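Reading through the structure tokens given below for one structure.
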Amino acid sequence: MKVTVQYFALLREQRGLTQETLETTAPTPAALYEELRARHAFTLPADRVRAAINGEFAAATAALRAGDTVVFIPPVAGG
Amino acid sequence: MKVTVQYFALLREQRGLTQETLETTAPTPAALYEELRARHAFTLPADRVRAAINGEFAAATAALRAGDTVVFIPPVAGG
Amino acid sequence: MFRISTDSIDPATLEAALTDARAGACVTFCGWVRNANDGQPVLSLEYEAFAPLAEKEGERILAEAREKFALLGVAAVHRVGHLQIGEAAVWVGVTAAHRGAAFDACRYIIDELKARVPVWKKEHYASGASAWINCATR
Amino acid sequence: MFRISTDSIDPATLEAALTDARAGACVTFCGWVRNANDGQPVLSLEYEAFAPLAEKEGERILAEAREKFALLGVAAVHRVGHLQIGEAAVWVGVTAAHRGAAFDACRYIIDELKARVPVWKKEHYASGASAWINCATR
């Protein structure tokens with residue numbers, strides 16, 4: 001299935017782009033992150049990254065569906 | 001001895017003036033307050049009034065000296 | 001610096017004076033004249049101070065806050081005169097490297113100012129009555 | 001109301017918008033870009049947000065504060081972009097009848113914003129290095 005991934009902050013820099021649409025068989029955000037981390041050498045381990053699907057926080061084990069927009073959220077640091 | 005008394009807030013209103021110089025034999029602020037309270041029917045009991053002598057807080061039992069300026073401080077209510 | 005002021009309080013100017021490149025946090029408290037107290041509608045408030053002692057005691061409170069908390073800057077002003085609803089009666093501003101110290105110090109200062117500084121307020125009520133706060137003797 | 005802003009933060013305008021005749025207390029927190037962090041000289045900071053989710057999560061935090069504390073008004077803004085030393089990165093303002101609720105709510109909001117809202121900052125150091133805060137992996 002096709003999903004769109006948006007990148008912010010450290011992940012945006014390590015990926016070198018802000019958004020991509022890609023083909024994956026990953027059933028969950030956790031699986032998709034591991035796939036992308038292996039491909040792009042992201043330094044953040046999966047347990048330090050939260051996921052959002054279609055603009056809302058989602059569990060790492062939530063079901064991904066075709067057409068979803070996924071954001072991986074590095075540790076936040078506002079203020 | 002002569003001392004000067006300044007009045008603020010409720011005491012100013014009940015005395016009807018902001019300052020007076022008067023002759024007293026009261027040895028302490030506490031004694032002076034009781035003297036003035038009897039004379040002017042101040043409603044605040046002595047234990048709710050603090051004293052200042054010459055611009056600094058003073059104990060109710062401090063020694064009054066000729067020429068002192070005494071302020072009786074009603075319960076404060078700033079802010 | 002603590003002062004008693006007959007002029008209206010301008011939070012923006014006061015906060016700007018606390019500018020400090022080392023500061024990561026600025027916490028301010030502003031006390032506004034509100035339109036009711038203990039359920040009674042209030043029309044206006046009169047504030048009166050024994051200014052010389054109020055300023056000394058206020059400075060002592062700011063010095064205590066500097067000793068207790070890791071502050072960079074601190075300032076406070078108390079207004080006197082006849083104030084209308086919505087006007088600022090008191091302002092406290094504190095800067096620190098980190099926000100914990102700034103919150104704690106700002107709270108400490110306003111609590112101590114209200115308890116210790118010789119300032120009095122008289123509330124004027126919609127009923128026409130008025131009362132010096134904390135001076136009831138019933 | 002919580003928003004992510006690319007424009008500079010103006011505390012005076014934000015505080016004026018909280019004007020309320022019922023309010024006796026206004027507490028504000030402003031987070032300033034400071035010139036050092038963990039002992040390292042900082043030259044500037046870049047802030048980036050996942051804005052739609054940041055605004056949703058920020059609104060949730062303000063709603064929680066309204067539920068937990070007796071508030072009259074509440075507003076917060078987080079800046080994004082490249083900020084210089086002394087610029088305001090985040091502002092929180094709270095009004096209440098009484099100061100206890102205002103202090104507690106302001107503290108709650110900034111603590112939760114920092115912990116939960118998808119905003120990131122990258123520090124640029126005098127050494128020429130830079131780092132995304134909280135993203136160290138060793």
Side-chain angles (χ1 to χ4, degrees), chain B residues 3-22 28-30 32-65 67-79, chain C residues 2-5 9 29-34 37-38 42 45-61 76-81 83 87-92 106-107 109-123 130-138:
Chain B
V3 298
T4 297
V5 181
Q6 288 186 313
Y7 297 102
F8 292 92
L10 181 63
L11 293 176
R12 173 179 54 72
E13 289 188 348
Q14 293 184 340
R15 179 63 188 92
L17 46 75
T18 59
Q19 181 168 330
E20 64 182 332
T21 297
L22 50 84
T28 65
L32 179 58
Y33 184 75
E34 285 303 347
E35 180 184 323
L36 294 166
R37 186 161 86 99
R39 192 180 305 159
H40 304 298
F42 294 155
T43 53
L44 285 168
D47 64 3
R48 297 191 54 206
V49 173
R50 292 186 71 183
I53 301 177
N54 301 329
E56 281 294 352
F57 290 115
T61 55
L64 279 184
R65 287 161 304 188
D68 279 351
T69 295
V70 180
V71 175
F72 294 111
I73 299 172
V76 306
Chain C
F2 177 79
R3 63 189 164 80
I4 297 293
S5 173
I9 289 174
F29 170 83
C30 199
W32 293 341
V33 176
R34 67 178 192 279
N37 191 18
D38 281 335
V42 171
L45 275 185
E46 266 177 272
Y47 283 96
E48 182 171 338
F50 175 23
L53 184 53
E55 293 190 336
K56 268 187 250 178
E57 189 70 357
E59 291 288 1
R60 279 191 282 256
I61 291 166
V77 182
H78 203 299
R79 178 83 186 279
V80 290
L83 276 66
E87 281 197 86
V90 59
W91 184 91
V92 179
C106 191
R107 183 77 184 258
I109 291 166
I110 186 62
D111 287 352
E112 295 296 311
L113 290 178
K114 283 180 171 251
R116 292 163 48 187
V117 169
V119 171
W120 302 276
K121 72 178 160 199
K122 185 184 192 175
E123 289 184 343
S130 64
W132 289 98
I133 301 306
N134 294 348
C135 288
T137 50
R138 153 216 69 92

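Treat the numbers as computed from the prediction; the structure is a model and nothing was measured.
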> Just wondering, do C/W132 and B/P74 contact through their side chains at under 4.5 Å, heavy atoms?
Replying inline: no
> Which atoms of C/P118 come close to chain B, meaning under 4.5 Å heavy atom to heavy atom: side chain ones, backbone ones, both, or neither?
Replying inline: both
> Relative to chain B, which segment of C/V90 carries a heavy atom at a distance below 4.5 Å: side chain, backbone, both, or neither?
Replying inline: side chain
> Is it true that atom CZ of B/R48 has more than 12 heavy atoms of other residues, nucleotides or ligands lying nearer than 6.0 Å?
Replying inline: yes
>> What part of C/E46 gets within 4.5 angstrom of chain B, counting heavy atoms only: side chain, backbone, both, or neither?
In response: neither
> Which region of C/K122, side chain (C-beta onward) or backbone (N, CA, C, O), has a non-hydrogen atom less than 4.5 Å from a non-hydrogen atom of chain B, or is it both or neither?
Replying inline: side chain
> For C/A49, is it the side chain, the backbone, both or neither that has a heavy atom under 4.5 Å from a heavy atom of chain B?
Replying inline: backbone
>> Please classify the contact of C/R79 with chain B as side chain, backbone, both or neither, using a heavy-atom distance under 4.5 Å.
In response: neither
> Side chain, backbone, both or neither: which part of C/I133 has a heavy atom under 4.5 Å from chain B?
Replying inline: both
>> Need one label for C/K121: side chain, backbone, both or neither, based on atoms under 4.5 Å from any heavy atom in chain B.
In response: both
>> Working to the nearest 0.5 angstrom, can you tell me the gap between C/S130 OG and B/E13 CD?
In response: 6.5 Å
> In Å and rounded to the nearest 0.5 Å, what is the CG to CD distance from B/L10 to C/E48?
Replying inline: 10.0 Å
> Has B/D47 got more than 12 heavy atoms of other residues, nucleotides or ligands less than 6.0 Å from its CG?
Replying inline: yes
> Under a 4.5 Å heavy-atom cut-off, does chain B meet the side chain of C/A115, its backbone, both or neither?
Replying inline: backbone
> How many angstroms lie between atom CG of B/L44 and atom CG of C/N134, to the nearest 0.5 angstrom?
Replying inline: 10.5 Å
> Sub-3.5 Å donor-acceptor pair from the side chain of C/Y47 to the main-chain atoms of B/G79, do we have one?
Replying inline: yes
> Atom CZ in B/F57, atom CZ in C/R60: separation rounded to 0.5 Å?
Replying inline: 6.5 Å
> Which answer fits B/E56, side chain, backbone, both or neither, if we ask what part of it has an atom under 4.5 Å from a heavy atom of chain C?
Replying inline: both
> If every non-hydrogen atom of C/L53 is compared with every non-hydrogen atom of B/G55, which pair is closest and at what distance?
Replying inline: CD1-O, 3.3 Å
